[in-house]
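Take a look at the structure set out below.
Predicted, not measured: the structure shown is a model, and the values here were computed from it. Residues take their numbers from the sequence shown, with the count starting at 1.
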Amino acid sequence: MPNLAMFDLTGRVAAVTGGNGGIGKGIALALAEAGAAVAILARNGEKNQTALAELRSRKADAIAIRLDVNQRSALQAAFDEIAGKLGAVDILVNNAGIAIPGGALTLTAEKWDKVLETNLNSCFFLSQIAARSMAARKAGKIINIASEYSRFGNQIAPSYAASKGALIQLTKSMAIEMAPYNVQVNAIVPGWIESDMTAPIKSRPFYNEILMRTPAGRFGTPAECGGAAIFLASRASDFVTGATIFVDGGYAIR
């Protein structure tokens, strides 16, 4: 019989950026169901409260903090608030991200900077705050949410592909640095996942192309990303670091 206690997150504190919807909320709910106390960090106050109500309806110990991850001066205060209300962060999930279309011929410097600031820089600075605390306690988990475009090029949104590719390299680099402190740093690459963001695709010809390319023949669910997050957040993954786990129904291998 498997030792299910290895996946138990009781007594752990998790912070999930962008945890008020889509993949982020799926991960937040999964971590809560595994026993973790959960802090949602996201910009939209109304969505924060809706997600918080859903977490608490499942008897989870949870809070929601309105935070723009690009506001570097506010990041430490958010961690301090989590520590005061739930305890020090044991699990950080860097999920918040944006995509802005525009290629080399059209994208403005301001839009390039905004994508890199959100998808890469904020992940580093949030991870830096978490890592210092985790290193002092000799335990912790950092999970970065990357993208299929960390592996493929994207002529429509090269800033997005570049930021996610760099996030994979940041994951590997931090994994090496933090290993002596018993802190594991890994990445999840979601494939096409059911969400409000991907819903419009179902009315486009591209939708059938996605299904044909995906061996599983369907979109995934946020809860399925949550399963991978539970593994990477738990003792079951204590000897897994610098890894990239694809949760994509085989999309990347075809």
Side-chain angles (χ1 to χ4, degrees), residues 7 14 16-34 38 40-44 46-48 50-51 53-55 57-58 91 93-102 115 118-119 123 143-165 167-168 171 186-234 237 243-254:
F7 298 92
V16 183
T17 68
N20 61 8
I23 292 171
K25 187 169 77 169
I27 289 174
L29 290 170
L31 296 178
E33 289 171 356
V38 177
I40 290 172
L41 305 175
R43 291 181 299 176
N44 188 309
E46 184 176 346
K47 288 180 66 178
N48 283 358
T50 300
E54 192 169 348
L55 282 164
S57 72
R58 304 186 185 195
I91 303 156
V93 181
N94 286 310
N95 168 75
I98 60 170
I100 299 177
V115 172
T118 304
N119 296 359
C123 294
I143 304 169
N144 295 320
I145 307 303
S147 164
E148 297 281 0
Y149 290 111
S150 62
R151 181 170 182 172
F152 308 128
N154 185 339
Q155 77 277 18
I156 297 172
S159 57
Y160 180 77
S163 68
K164 293 298 188 177
L167 185 59
I168 293 295
T171 299
N186 293 289
I188 293 173
V189 172
W192 290 95
I193 304 296
E194 299 275 3
S195 69
D196 291 341
M197 185 179 297
T198 60
I201 293 173
K202 291 186 175 182
S203 62
R204 301 173 187 170
F206 183 46
Y207 177 64
N208 289 326
E209 294 179 21
I210 293 170
L211 297 185
M212 289 178 64
R213 175 169 175 163
T214 305
R218 64 175 176 86
F219 275 36
T221 67
E224 288 170 320
C225 292
I230 290 173
F231 168 66
L232 292 177
S234 71
S237 64
T244 301
I245 296 179
F246 285 77
V247 183
D248 66 353
Y251 183 89
I253 61 172
R254 174 172 284 178

Subject >> Ile188 side chain near Ile143 side chain, heavy-atom distance below 4.5 Å >> reply: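 Counting from C-beta outward, Ile188 and Ile143 do come under 4.5 Å.
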
**OP:** Check whether any side-chain heavy atom of Leu167 sits under 4.5 Å from a side-chain heavy atom of Asn94, and report yes or no.
**Re:**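 Heavy-atom side-chain distance check fails, nothing below 4.5 Å.
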
Original post:
Could you walk me through whether Glu148 and Val189 pass the side chain to side chain contact (heavy atoms under 4.5 Å, CB included) check?
Top reply: CA-CA 6 Å; Glu148 297 281 0; Val189 172; 4.1 Å; yes

**OP:** Report the residues that fulfil side chain to side chain donor-acceptor pair (under 3.5 Å) with Thr118, sequence neighbours left out, ordered by chain and then residue number.
**Re:**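 Side chain to side chain donor-acceptor pair (under 3.5 Å) check on Thr118 returns Asn70.
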
For residues [X] and [Y], report the shortest heavy-atom separation together with the two atoms involved.
X: Ile201; Y: Tyr207; answer: O-CB, 3.2 Å
X: Ser195; Y: Gly22; answer: CB-CA, 4.4 Å
X: Ala187; Y: Leu232; answer: O-CD1, 4.3 Å
X: Asn20; Y: Ala42; answer: ND2-CB, 3.2 Å

Original post:
Are Glu54 and Arg58 within salt-bridge range, i.e. N to O under 4.0 Å?
Top reply: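 Between Arg58 and Glu54 there is a salt bridge, with a charged N closer than 4.0 Å to a carboxylate O.
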
Original post:
Can we say Lys202 and Glu194 salt-bridge, meaning some charged N sits less than 4.0 Å from an Asp/Glu carboxylate O?
Top reply: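 Yes.
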
Would the number of heavy atoms belonging to other residues, nucleotides or ligands and lying under 6.0 Å from [atom1] of [X] be above 12?
X: Arg213; atom1: CZ; answer: yes
X: Asp196; atom1: CG; answer: no
X: Ile156; atom1: CD1; answer: no

Original post:
In chain order, what residues pass the ring-ring contact (aromatic ring centres under 6.0 Å, His included) check against Phe152, with sequence neighbours excluded?
Top reply: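 Once residues adjacent in sequence are excluded, Phe152 has no partner under the ring-ring contact (aromatic ring centres under 6.0 Å, His included) criterion.
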
Original post:
Going through the distances and angles, do Val16 and Ile40 end up as a side chain to side chain contact (heavy atoms under 4.5 Å, CB included)?
Top reply: CA-CA 5 Å; Val16 183; Ile40 290 172; 5.5 Å; no

**OP:** Apply side chain to side chain contact (heavy atoms under 4.5 Å, CB included) to the pair Ile145 and Val93, showing each step before the final yes or no.
**Re:** CA-CA 7 Å; Ile145 307 303; Val93 181; 4.1 Å; yes

Original post:
Between Phe246 and Tyr251, does the ring centroid distance fall short of 6.0 Å?
Top reply: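 So the answer is no for these two rings.
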
Subject >> Test salt bridge (Lys or Arg N to Asp or Glu O under 4.0 Å) applied to Arg218 - qualifying residues, sequence neighbours left out >> reply: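 Scan of Arg218 (salt bridge (Lys or Arg N to Asp or Glu O under 4.0 Å), adjacent residues dropped) gives Glu224.
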
